[in-house]
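For reference, the structure discussed in these notes is given below.
Chain A is the first sequence line, chain B the second, and so forth, proteins listed ahead of strands; every chain is numbered from 1. Model, not experiment: these values are computed from the prediction.
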Amino acid sequence: MRLSKSLVPTLREDPADAEAISHTLMLRAGLIRQLAAGIFVWLPLGQRVLDRINAILREEMNAIGGQEITMPVIHPAELWKQTGRYDGIPEMFKLKDRHDRDLVLGMTHEEVIAWLAAREIRSYRDLPQIWYQIQTKERDEARPRSGVLRTREFVMKDSYTLDPDLPALDRSYAAHEAAYRKIFDRCGLTYRVVQSDTGMMGGLGAHEFMAPSPAGEDEIAICAGCGYAANVELAKGVPEPPAFPPGTKEEVATPNARTIAEVAAFLKVDPRLTLKSLLFVAPKAGPVLVLVRGDHNLHERKLARALGEEARAAHPAEVQQHLGAPVGSVGPVGARVPVLADEALKQGTYVVGANREGFHLRGVTPGRDFQARFVDLHTVAPGEACVSCGKALEVERVIEIGNIFKLGTKYSEGLNAKYLDESGQEKPIVMGSYGIGPARIAATAIEQGADADGIVWPAAIAPFDVHIVLVSRRDEAQVAAAESIYAACRAAGLQAVLDDRDERPGVKFKDADLLGVPVRVTIGNALAKEGVVELKERRAPRREQRVAPGAVVDAVRALRA
RNA sequence: CGGGGCGUAGCGCAGCCCGGUAGCGCACCGGACUGGGGGUCCGGUGGUCGCAGGUUCAAAUCCUGUCGCCCCGACCA
């Protein structure tokens with residue numbers, strides 16, 4: 001590619017709308033432009049990066065027996081009604097055609113796969129299968145953010161496995177996990193594999209591939225001792241219990257003290273000796289009082305799992321109605337609603353709201369003074385003890401770059417995807433589903449690798465292998481050398497970009513750094529003086545070497561090796 | 001959905017309180033010089049001040065509404 005003739009609109013300044021490093025640099029390096037919130041145009045350089053990532057995805061998926069297909073973006077609503085997912089997913093784009101038929105834009109493809117399997121799979125002899133596609137997904141996200149890290153339209157490599165039984169699913173799942181490790185290794189990312197919630201996807205188990213980055217939206221808890229690692233929506237930790245002072249149950253006036261901090265300060269007690277009482281309302285179960293330790297935060301995902309349904313926080317009027325006291329004075333003692341308490345509250349005595357405005361109770365012992373169901377509810381905090389080995393957990397912010405789900409038979413049963421086993425018995429096909437977002441790989445590579453000068457691409461997914469800077473377009477010898485090096489690189493199978501613009505050298509060097517191509521070749525003064533060109537690595541420590549123009553291809557290859 | 005911020009030239013911004021000529025830097029076009037880390041000088045092009053309504057002799061500026069974008073949270077199949 002010649003920069004003089006290409007659409008590579010680099011920006012000198014940081015765009016005002018970009019916060020994340022990857023967002024800023026993808027805009028500045030001319031990889032993307034934003035059309036609307038969470039909707040992007042991929043420019044030539046960005047497209048090249050995606051192409052390279054997709055090539056790796058195809059190689060590794062094919063290597064485990066994956067067969068590439070392409071499914072539609074537009075689905076009949078009926079398909080989603082059959083699996084019960086048509087209603088209740090706010091992110092789903094819905095539309096009608098001219099005949100007033102309901103359609104949806106595909107946000108994932110379990111339904112279509114199950115539909116296809118129901119038609120094409122007959123026998124255990126047809127199994128297992130791995131089908132995948134690299135295709136556009138549409139999701140009306142509540143809040144698109146951080147450039148291409150969370151968008152409303154994005155390309156996903158989604159694959160699906162069809163197996164006769166659970167042991168076979170386990171093998172397909174393991175094959176995917178291994179393939180994913182190869183993919184992310186090749187893409188040059190640092191990541192870990194963690195246990196994750198199956199969420200509303202349903203299913204038997206799931207893992208996420210998480211890349212550490214401050215730009216991430218998720219948090220994981222990890223144990224340096226035993227290797228335990230899980231998304232915080234799932235991760236369990238054992239908090240250190242405070243020293244519980246002796247004392248019996250008594251009511252104390254706490255005028256104007258409503259928050260945990262105010263109550264703790266007023267009574268001069270450690271917040272860890274108080275209980276946070278939160279009223280939630282579940283669609284089926286109704287009101288439920290949820291308790292976590294004063295210094296802890298409830299994880300609503302854990303609550304949803306414990307209840308078996310999504311609950312919402314009660315309105316102040318509902319709190320008054322169900323507990324007879326306003327927010328800030330409520331507690332579990334004498335409450336007429338079911339109580340769900342965090343496991344950490346099995347021991348100790350606490351300060352709780354008295355269900356009487358302006359009063360709290362101290363010396364309250366869970367289990368004695370009120371009954372509750374104990375489940376893990378609090379969000380794990382750094383320093384809590386690992387449940388398997390007892391060492392202190394760390395909490396790390398991460399970008400989710402891939403996930404793998406054991407789906408089981410939820411979708412195959414909904415869409416009647418069955419097969420006949422060896423004994424002629426009809427059985428539901430056991431499914432798995434697996435996703436990777438190529439744009440997230442690109443953004444994560446930038447987040448993890450960029451320096452003050454711009455992008456530093458991992459070699460395998462860089463838009464080019466070599467960036468050739470022609471310092472002076474008016475120097476005929478330099479032009480001739482640059483052209484022959486450019487041609488030689490391309491002939492040798494290297495992806496090369498030639499900066500043949502009529503710009504000052506400084507501009508070209510700045511842009512080269514910004515674009516982040518692994519090796520830069522500069523054809524400048526050293527050519528006339530010493531008959532050499534200069535090679536410089538983009539990655540720190542930015543080693544340099546000088547070689548004859550004819551030796552550039554070998555030198556670039558050596559650097560890549 | 002809750003909270004906050006911002007919409008003025010392609011990009012980054014000032015002007016808005018306190019109404020009266022639409023400005024700066026970069027980019028872009030022409031010219032001269034320059035030529036190894038985002039050059040200098042001279043001369044230019046380019047703006048429905050997001051949109052609609054209102055107040056006023058007069059609105060980028062004040063008022064009302066609306067649309068869009070960003071950030072924090074909720075959510076994230």
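Side-chain N/O atoms of A:E13 and base N/O atoms of B:rG38 include no donor-acceptor pair closer than 3.5 Å. Scanning atom types as modelled, no donor and acceptor separated by under 3.5 angstrom connect the side chain of A:R12 and the base of B:rG10. Side-chain N/O atoms of A:D511 and base N/O atoms of B:rG38 include a donor-acceptor pair closer than 3.5 Å. A donor-acceptor contact under 3.5 Å is formed by the side chain of A:R28 with the base of B:rG38.
Dashed line: the shortest gap from a side-chain N or O of A:Q34 to OP1 or OP2 of B:rC70 is under 4.0 Å. For B:rC71, neither phosphate oxygen OP1 nor OP2 lies less than 4.0 angstrom from any side-chain nitrogen or oxygen of A:R145. In this model, the phosphate group of B:rC1 is not approached by any side-chain N or O of A:R143 to a distance below 4.0 Å at OP1 or OP2.
Contact check on A:R397 versus A:D218 returns no salt bridge, with no Lys/Arg side-chain nitrogen under 4.0 Å from an Asp/Glu carboxylate oxygen.
The pairing partner recorded for B:rC11 is B:rG25, the criterion being a Watson-Crick or G-U wobble arrangement whose two distances lie under 3.5 angstrom. Nucleotide B:rG46 has no partner under the Watson-Crick or G-U criteria, as no pair reaches both atom distances under 3.5 Å. The nucleotide B:rA52 finds its pairing partner in B:rU64, both defining distances of the Watson-Crick or G-U wobble pair being shorter than 3.5 Å.
Considering only residues two or more places apart in sequence or on other chains, A:Y173 meets the ring-ring contact (aromatic ring centres under 6.0 Å, His included) condition with A:H207.
Among B:rG12, B:rC75, B:rC69, the nucleotide with an atom closest to any side-chain atom of A:A142 is B:rC75. Of the candidate nucleotides B:rU34, B:rC75, B:rC28, B:rC28 has the atom nearest to the side chain of A:E503. You'll find that the side chain of A:A36 is closest to B:rC69, out of B:rC69, B:rG36, B:rG12.
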